[in-house]
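Since the structure comes first, as structure tokens, the remarks are kept for the end.
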Amino acid sequence: MLDFMDYIQLAFAEATNWNRDNSYSFLTATAQSLLDFSTPERLRVHLSSLATPHFATSYTLGTVGLIDGSVSYLYSTVPLNNTPSRSALIPLRKLARGYRQVQPPVAPVEDWGWQSLLGGLGSSESKPSGNGDSQPSLGRKATLLNATLHLPPPTTLNALFLRRISPTMQLSLAVCSTRGAPLSNSAPQASLLGQLSHDTGKYSNEYLFSTDNSLFGWRGLWNFGPDPRHPKENPSPRLSLLSAGAEAYYSPVSSLIGMSTGLRFSTLPAATEMPSSSSSTSSTTTTSNHGTPISTFPYTLTLVLTPLTGSLSTTYSLRASPNLAFSSRFGFNVYSWESEMVAGCELWRKRRKSSPPPVDDDGLEWARRKMRMADTPGVPPVEPPSTHNRDEENESVLKIRVDQSWNVRLLWEGRVKELLVSAGVGLGPSSFSSSSWAANSTAAGGGQSVGGGVSGKSYWHGVGVSVSYSS
Amino acid sequence: MAFNFNWSPLMADASFYTRAQDLLTAALNKSPKPPIIVDDIIVTELNLGSIPPELEILEIGDLAEDRFRGIFKMSYSGDAFLTLKTRVQANPLNTYLLTRPSFATPRPLAAATPLTIPLQITLSDFKLSGFVILVFSKQKGITVVFRNDPLESLKVSSTFDSIPFVRDFLQKEIEAQLRILFMDELPAIIHRLSLRLWVPEYRAGEELQTQTESANGEGPGQDPLASPPQDPVDALGNALNESEIESLSLDSSVETHSLFSQKNLLRLAALTDSQRTLSLFTPSIREVVYRAWTSPSDQTDASGGVTSPFSPVLSRTQSQVGSMSSFPDSASMVSNQSRSSTPSHTFSGYGLSLGAGRHSKAHARKRKKRVVDLRRPKTTDDAPSVSDESAFTESTSTPSICSAPMPVLDEQTDDPVTPPLSPDRDLHLPAIPERHGMSISRPALRREIASEMIRDTAESKPSSNPVGQAIQDEDLSATPRAAVRAHGASVLEKEKQATGSSAGSSRQLPSTILPFINDSPTGRVVDQALVERLAGEIARRMRDEKFLASNACGPFWDRHSQEESPPPAYGH
């Protein structure tokens, strides 16, 4: 489940029309969210609030061995007015990322009034500064500031600076500073990561630089097919998308080298919408030249190669129904002949809440009806839209993943009353598992070591509950 | 003066290498490994080579038959080699990311995919030079501490020799790791190995530990030896090492003793008590066999005619026993009190039934003269230098005196002191009458002495188990000490008179002990304990010498020693 601050950053990206998914980093996002999700450790409580459209705070309290916590603040120059912040209203699908439907590449709107929109929003928001709103965009580019202070004695400060330089560029600076002893001698106590992202829809590039060992990095993604920036006259909806990307890292100081390449084939929403639309009664709207659907369900295939270490990994993810998605991954290393096989699925459940009777049902409905009938028969009874939302909100998701050594991870995420609850358990023969992505292995490994550190042979790795409330 | 360092016998022992490999493996895996190493480091091959290190003596702080302390300048460029096996992470980006908080790192999609490669490293061409502090004592084993970083260079050859980058990296990492090893781990390893080699009790203790781990469910009072050893052995073997090393340079005995639990102390006390009673049920009989094996070295010492025939092992163990036995002694004395109201009790009393401590004292009195002469210079040397290893060894052995005189004191003057009886005592009390009968029935003093000796050895055997180190001398000895001080003069006078009949030379004993008693009030509690130990050591040695060469019991002892020579423990 996404952190509240991550959720706000996501909302910021949406508000500034930045497509985060169009990056090589998210090439295997679907498989990762289905296979490499991390379960919470012990008990963790989050209290968050979007106090104003510009300002958000979040407090975390956790019991991992000892009590720890974090304080986080976020400031955004873009008002996040349309972002539901109450934990009862945040759509769970945004928090619990499951199967990620790849959207067709969209060209960034160069002159869409992105800046003027911000200015307009700013003018509508702030009356006193309305005079300068004619050219506010020059001085005020969308900026996000976020700082998190992890409090237990190895105090760690994480700070993030995010700025939209231009419609196609975004700059992010991340600082991590810790008071504790570094994990290795070569690790500095503070490091800064700068990342410049350039996304044109057709392709995207990211340039990274980290002060730690002066690591340079580059990530690129190329979407095959017509260029969205030069749309044809009569664009036919695309059915699938083939993307290729690569990344490379190099540090001249410590001779760090790393690279990988990846390929992704994914169906686009149009491919699966058509059969449904054709099967439905409104077949007239279907264009005849795309009558043959390539699939009845969305799926994604990826292939990632890491030439230096000789590993390759393929994933296959599909969404069998809107509420059920499967994913599997097979990894193999040419040099060490290690292999990895992971399978996982997610299941969304909509709790069929007995739709409550109209709120104003006080036994006098019949009288009003009679009165309406008598007065004006034209007014239809208004269906309150909230009931539909209620159904959506009461969704819950269950994720399971199993790998070849029978490490099982189970995660349930849902809503209890006003709280967002995420409960997970990790089971498995506690063995040395080296097969996991670095980021995820650190997260999951931490949880395992904490939960299952007591006994070496226990089948339990860790169990935890994370409760979050936001307003 | 010449030293003979024998390098090859170490190599000859086949089991030595396996043990050393195990210890090295454990040591290498104890310290946090660099993140690039993703598996345990296993020592597959170890060879110390045939070229011994060159040692240049810089300073000798202490020298005796059973202990040594000195500073060397060591230089080694031999043909030893070491082969390790482990698995390493071959993707540098993976280790880079593992050691960083993930927030400010570029989270690569797949570039950090791990690749673990089995690795075999051979370390050879060691070039060491440094200052070594070597402390050797038969009871504490060998302790080697490096004053500086001894590693000058070494050659690392691995499976990655063809890749210069990896080779250099490994060389760097391994050198760093080896420096830690030399400074921290190697002293511990050597210490443990030496304990295995020279202190049979250590081995016995380990075996006993393994044996008795299953049988530990019994109550505390039943079999004192059955249960206690676990923790102390561990403490001695693993946990204690560093503190022991420190303690060697400082005055450590008290600190180490404080590490042991009161429960174990009580158990050992009960054990010694049972030993004294000669009750047959004592669990330590097996132990006795072990102890007997310890003594060959002692015997050799004794035959050499050295002033300190008592092996440090025994003396040390006895010291523990002594300090702990202060309570049990009082217990045994309870029985004595009833019986030994008469002045004649001195002979019959201690000779018959009281603890070895008393006997030792009595014998010591007889033999004082010679020993005192030998001992005094030593005590003067040792007493001021608390930090000396020699002081430590002596101090360990000394506490016996506090146990030894105390029974006498309590018996005669401080009966009310004895009442606090430990529960363990009750268990052994029934044995006391029986012991009475046995001892009283014995007509001859020599017989008595013989039996005492046996008892002593028996007593020392169980206690000599390094497990039994648990001593809290201060607590236990504090009260007896006060008693000694308070009644010191009179009691000693009494003792003199009482023992005077047995040996004419006994008069001198008080003179030897009194100085300590007088000194002790000035010092702190630790000093008191130390002084007590010293005094005890003196008494013990005196007694030993008497055993060896006393004219009074001459024929018997000669015969006895000859007879006993096969199990050498009784030889002295």
Side-chain angles (χ1 to χ4, degrees), chain A residues 24-28 148 156 158 160 174-178 182-187 190-193 195 206 208 210 212-213 215 217 219 245 247-249 251 254-262 304-306 308-311 313 331 333 335-336 338 432 434-439 441-443, chain B residues 29 31-42 85-120 159-160 162-180:
Chain A
Y24 182 71
S25 302
F26 294 89
L27 193 75
T28 60
T148 305
T156 305
N158 292 340
L160 177 71
V175 178
C176 178
S177 167
T178 179
L183 292 169
S184 83
N185 294 328
S186 58
S191 63
L192 182 139
L193 175 77
Q195 177 173 349
E206 294 172 52
L208 302 102
S210 171
D212 185 3
N213 278 332
L215 181 77
R219 284 195 281 252
E247 64 179 349
Y249 303 92
S251 162
S254 59
S255 306
L256 271 176
I257 292 179
M259 66 166 298
S260 73
T261 61
V304 175
L305 297 172
T306 311
L308 287 180
T309 58
S311 72
S313 150
N333 195 303
Y335 296 149
S336 66
E338 284 177 340
F432 173 72
S434 63
S435 54
S436 204
W437 306 116
S441 68
T442 52
Chain B
N29 292 313
S31 59
K33 293 186 283 286
I36 194 173
I37 295 175
V38 295
D39 202 357
D40 285 347
I41 305 173
I42 300 168
K85 209 167 66 176
T86 184
R87 296 205 304 164
V88 294
Q89 177 59 256
N91 192 347
L93 200 59
N94 184 277
T95 57
Y96 171 84
L97 290 174
L98 274 180
T99 54
R100 266 72 173 175
S102 65
F103 183 76
T105 52
R107 294 159 210 176
L109 180 74
T113 312
L115 170 63
T116 58
I117 293 181
L119 171 69
Q120 187 159 347
T159 48
F160 290 119
S162 53
I163 310 171
F165 162 68
V166 180
R167 189 188 59 205
D168 295 343
F169 180 80
L170 282 175
Q171 177 94 29
K172 206 171 60 183
E173 286 285 341
I174 286 170
E175 279 188 11
Q177 197 76 6
L178 266 186
R179 283 176 214 284
I180 299 173

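Letters A, B, ... are given to chains in the order of the sequence lines, protein chains preceding strands, and every chain is numbered from 1. These values consider heavy atoms only, across backbone and side chains, with no hydrogens, waters or symmetry-generated copies.
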Subject >> Distance, nearest 0.5 Å, that separates CG of A:N213 from CZ of B:R100 >> reply: 5.0 Å
Original post:
From B:D39 CG over to B:Q89 CD, what is the distance, rounded to the nearest 0.5 angstrom?
Top reply: 12.0 Å
Original post:
Which atoms of B:Y96 come close to chain A, meaning under 4.5 Å heavy atom to heavy atom: side chain ones, backbone ones, both, or neither?
Top reply: side chain
**OP:** Among A:Y249, A:F26, A:Y335, single out the residue with the greatest number of heavy-atom pairs under 4.5 Å to chain B.
**Re:** A:Y249
Subject >> A:I257 portion near chain B, given a 4.5 angstrom heavy-atom threshold >> reply: backbone
Original post:
Hey, mind stepping through B:R107 and A:S25 against side chain to side chain donor-acceptor pair (under 3.5 Å) and telling me if it holds?
Top reply: CA-CA 8 Å; B:R107 294 159 210 176; A:S25 302; over 6 Å; no
**OP:** Below 4.5 Å from any heavy atom of chain A, which atoms of B:T95 appear? Answer side chain, backbone, both or neither.
**Re:** neither
**OP:** Give, as side chain, backbone, both or neither, the part of A:S336 having an atom under 4.5 angstrom from any heavy atom of chain B.
**Re:** both
**OP:** Quick one: pull up CD1 in B:I117 and OG1 in B:T86 and give me the separation to the nearest 0.5 Å.
**Re:** 12.0 Å
Subject >> Portion of A:T309 that has a non-hydrogen atom of chain B nearer than 4.5 angstrom >> reply: both
**OP:** Output the option from A:L208, A:V175, A:T148 having the highest count of non-hydrogen pairs under 4.5 Å with chain B.
**Re:** A:V175
Subject >> Options A:L308, A:L256, A:L305, A:L215, ranked by heavy-atom pairs under 4.5 Å with chain B, top entry >> reply: A:L256
Original post:
What distance do A:L27 atom CG and A:R219 atom CZ have between them, rounded to the nearest 0.5 Å?
Top reply: 11.5 Å
Original post:
So what's closer than 4.5 Å to chain B heavy atoms on A:S254: side chain, backbone, both or neither?
Top reply: backbone
Original post:
Does B:T113 reach the side chain of A:S260, with side-chain heavy atoms less than 4.5 Å apart?
Top reply: no
Subject >> From A:D212 atom CG to A:S251 atom OG, the distance as rounded to the nearest 0.5 Å >> reply: 8.0 Å
Original post:
Where does A:N158 contact chain B at under 4.5 Å (heavy atoms): side chain, backbone, both or neither?
Top reply: both
